[in-house]
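Quick notes on the structure that follows.
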Amino acid sequence: MQNIRPRRSVLYSPGSNARALEKAKTLPADALILDLEDAVAPDAKKKARERVRDVLRDGGYGGREMVVRINPLASDWGRADLGLMASTSADAILVSKVQSAANIAAVRDTLAFVEAPDRLAIWAMIETPLGILNVHEIAAAAAGNRYPLTVFVMGTNDIAKETRARQRGDRAAMLAWLSQCVLAARAYGLDVLDGVYNNFKDAEGFARECEQGRDLGMDGKTLIHPGQIERANETFSPDGDEVEWARTIIEAFKLPENQGKGVITLDGKMVELLHRDMALRTVAIADAIAEAATS
Ligand code: COA
Ligand code: MG
């Protein structure tokens with residue numbers, strides 16, 4: 001199983017906030033999104049871009065996956081943001097308001113133009129009605145070794161703004177849209193991250209929303225505050241029993257008497273090869289989490 005990376009907790013830190021960027025070095029988030037877009041006021045854009053360039057150059061973020069959220073290409077700042085990627089240690093850029101496969105192609109062209117390293121991945125925010133309607137064609141643009149599209153990030157605040165859907169605790173209006181994006185991500189091998197929970201002092205509501213996102217199939221949650229990291233890590237990690245059961249399934253299919261079988265009985269339950277495949281993923285993600293914790 002290739003390229004499994006834990007993305008349980010993915011924290012936005014405003015590129016304009018030096019204190020937050022420093023603090024982020026000490027936080028147990030799987031990934032950091034250094035934001036140049038919504039969290040940065042127009043007057044602070046240039047300064048934020050320079051600061052993000054400097055902190056990436058100076059490092060100190062350990063094994064955390066580093067992502068830079070850029071302004072839309074069509075805005076006053078987008079191209080300069082991408083220019084920053086010419087020589088960067090960042091793992092990915094996060095492109096806001098992706099609405100079509102053509103948007104991804106345009107970002108790739110610009111990355112090639114500024115000679116960004118080929119391994120730089122693209123994460124796409126799905127946060128507009130057109131983005132959701134076109135999510136299948138966007139996911140289909142994933143393939144390729146140069147600037148691969150690897151992750152969808154749900155922009156639930158923008159979705160609420162654009163659709164006028166109410167952001168209720170149960171997210172009733174959002175569920176179909178979120179699920180649509182999970183489907184498209186799975187069809188093309190992308191990861192998909194849930195949107196942020198604004199009320200960062202409401203631990204209970206946050207915990208419920210983490211569980212809901214996990215149950216929808218999300219790989220992790222985007223976060224706005226350090227206080228949200230621990231719960232996201234817990235919720236999006238397979239628990240001990242799950243991992244143990246997964247290992248039991250994998251071992252059972254290795255037994256001589258089970259060779260060539262598609263279905264077996266284990267602890268009184270039907271277990272098929274598809275469950276073995278799911279078990280392999282559970283163990284791989286658990287191992288990746290354990291490995292990241294020691295790196
Ligand atoms: N990343 C890194 N560190 C953060 C952080 C973040 N997103 N949010 C808060 N912190 C730090 C603070 O700097 C502070 O550190 P310190 O005590 O060591 O100085 C500590 O965590 C506690 O912060 P707190 O006082 O509770 O919050 P705040 O009032 O400083 O900030 C927000 C609240 C919402 C403004 C801030 O969390 C934030 O900017 N979040 C990200 C917003 C964002 O990026 N939005 C765009 C995507 S939706
Ligand atoms: Mg947005």
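Numbering of ligands and ligand atoms starts at 1, following listing order.
Distances between N or O atoms of Ser13 and those of ligand 1 include at least one value under 3.5 Å. Between Asp38 and ligand 1, not a single N/O pair is under 3.5 Å apart. Residue-to-ligand polar distances keep Ala24 apart from ligand 1: every N/O pair is separated by 3.5 Å or more.
Using modelled atom types, no side-chain atom of Ser9 and backbone atom of Asn233 make a donor-acceptor pair closer than 3.5 Å. Distance alone, capped at 3.5 Å, is enough to place a donor-acceptor pair between the Arg108 side chain and the Tyr147 backbone. Checking side-chain atoms of Asn17 against main-chain N and O of Ala20 turns up a donor-acceptor pair under 3.5 Å. The backbone N or O of Lys25 sits less than 3.5 Å from a side-chain atom of Arg64, completing a donor-acceptor pair. Although no hydrogens or angles enter the test, the distance criterion places a donor-acceptor pair under 3.5 Å between the side chain of Asp81 and the main chain of Asn71.
Counting protein heavy atoms under 4.0 angstrom from atom 43 (C) of ligand 1 gives one or more. Contact annotation for atom 14 (C) of ligand 1: protein absent (non-hydrogen atoms, distance under 4.0 Å). For atom 10 (N) of ligand 1, the nearest protein heavy atom lies closer than 4.0 Å.
Taking only non-hydrogen atoms, the option from Ala20, Ser96, Ala18, Gly227 nearest to atom 2 (C) of ligand 1 is Ala20.
Comment: Arg146 engages Asp118 in a salt bridge, judged by a side-chain N to carboxylate O separation of less than 4.0 angstrom.
For residue Glu37, no N/O/S atom approaches the Mg ion (ligand 2) to within less than 2.8 Å.
With a 4.0 Å cut-off on non-hydrogen atoms, Ile33 does not touch ligand 1 at all. If you look at Asp35 next to ligand 1, the close heavy atoms, those under 4.0 Å, all belong to the side chain.
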